Student: 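The structure's right below; bear with me while I get my questions together.
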There are 2 protein chains.
Amino acid sequence: MNTIDDIDRRILRELQRDSATPLEELGTRIGLSRNACWRRIKALEAAGVIDRRVALLNPGTLDLGLMVYIQLRTSAHEPGWLEKFSRATNAMPEIMGVYRMTGDLDYLIRARVPDMAGYDRLYQRLIARVPLSDVSASFVMEEIKDTHELPL
Amino acid sequence: MNTIDDIDRRILRELQRDSATPLEELGTRIGLSRNACWRRIKALEAAGVIDRRVALLNPGTLDLGLMVYIQLRTSAHEPGWLEKFSRATNAMPEIMGVYRMTGDLDYLIRARVPDMAGYDRLYQRLIARVPLSDVSASFVMEEIKDTHELPL
DNA sequence: CCTGAAATGCACTCCAC
DNA sequence: GTGGAGTGCATTTCAGG
């Protein structure tokens, strides 16, 4: 895989902000021909730097206004617990992120639900599938910033 | 804005997983003609349900392997503090999420950096711009799940 | 590495049904 | 809602510097 230079970074910055821009405009914006631009994009895709193109949806219009972070502190887990936990959370679409953490909290879950009742249903379903101890939830009152864009 | 029916949801599910699929294939997959499919997508865009199309990048290939959650517990902040905090965090690209929370922690920051040294630089820059008290960081050891896809 | 042009294919529109 | 057909532009390939 080739090293990523400055021009690549500018291309990536544009694409992760908006991938619908025509090649022509993208090229002129970064001072490259449409064609050279295209070749770099293909190379970045082949190298796995660009993972995929997706549509970003608006949570507010889909009745998913409540974001919640669930913190888990574990007791001693039996062998195979992590495997079961991983399968359970991966099978639950409301759960968008699951992270094993340093520090005093062991696992952190990021989820989106319509409202408090929706959180309760999620919680009930989760503890029914995996034994959990010491669960606490924090709800997002205000999203000051929330982006998928990586710092380049 | 029209209500979103089951077929719309299936379209959205496909698009937020992969927006590069040709209309033809997308149509057959959900059992709709290319044409009807296209009309629904345009309607969803007009209604703001589909926000935009973006490229998703691979953090591992861009030397952004470390994800960190920074927890802030506030002391009494002077007026205008939130405004300053918001501007500062929005101007820092490593910071991908900033949330005002319920519960004992007041603000939660999600950020991506290359490594521990990168985190320290971020931390130093942040406290230089905004007065903060009671800052604690938790680092992601393992990403068990991490997706942008909303539950539909 | 790049540019510019040619060929392909798809998005998009309009049509009749 | 379906399918077909036509236009134009984006994407891709190719020839060449």
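Below, chain A is the first sequence line, B the second, and so on; all start at residue 1. Bear in mind the structure is a predicted one, so any value in this text is a computation, not a measurement.
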Student: Can the ring centres of A:Phe139 and A:Tyr69 be said to be less than 6.0 Å apart?
Tutor: no
Student: In whole angstrom, what separates B:Glu25's CD from C:dC10's C1'?
Tutor: 13 Å
Student: So, does A:Arg39 get its side chain near the phosphate of C:dT3, meaning an N or O under 4.0 Å from OP1 or OP2?
Tutor: no
Student: Is a donor-acceptor pair below 3.5 Å formed from side chain A:Asn35 to base C:dG4, judging by atom type as modelled?
Tutor: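 Side chain to base: pair found, below 3.5 Å.
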Student: Between protein and nucleotides 6-11 of chain D, what N or O pairs are separated by less than 3.5 Å?
Tutor:
from: D:dT11; atom 1: OP2; to: A:Leu23; atom 2: N; distance (Å): 3.2

Student: Atom CD1 of A:Ile30 and atom P of C:dT3: how far apart are they, to the nearest Å?
Tutor: 10 Å
Student: Is B:Arg29 salt-bridged to B:Glu14, going by a charged N under 4.0 Å from an acidic O?
Tutor: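 Here B:Arg29 pairs with B:Glu14 in a salt bridge, since their nearest N and O are under 4.0 Å apart.
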Student: Return the nearest nucleotide to the side chain of B:Arg40; candidates are D:dT13, D:dG1, C:dC2.
Tutor: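 Between D:dT13, D:dG1, C:dC2, the one nearest the side chain of B:Arg40 would be D:dG1.
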Student: Measure from CG on A:Asp5 to C1' on C:dC2 and round the result to the nearest Å.
Tutor: 14 Å
Student: Could you state whether A:Ile4 and A:Ile41 fall into the same hydrophobic cluster, counting links through intermediate Ile, Leu, Val, Met, Phe, Trp or Tyr residues with side-chain heavy atoms under 4.5 angstrom apart?
Tutor: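 Yes, because A:Ile4 and A:Ile41 connect within a single hydrophobic cluster, where side-chain heavy atoms sit under 4.5 Å apart.
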Student: Taking side-chain hydrogen bond (donor to acceptor under 3.5 Å, both in side chains) as the definition, give me every residue that meets it alongside A:Ser138, ordered by chain and number, with sequence neighbours left out.
Tutor: A:Gln71
Student: Ion pair present between B:Glu143 and B:Arg112, side-chain N to carboxylate O less than 4.0 angstrom?
Tutor: yes
Student: Could you pull out all residues at least two apart from A:Trp81 that satisfy ring pair (Phe, Tyr, Trp, His ring centres under 6.0 Å)?
Tutor: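 Here the qualifying residues are A:His77, A:Phe85, A:Tyr107.
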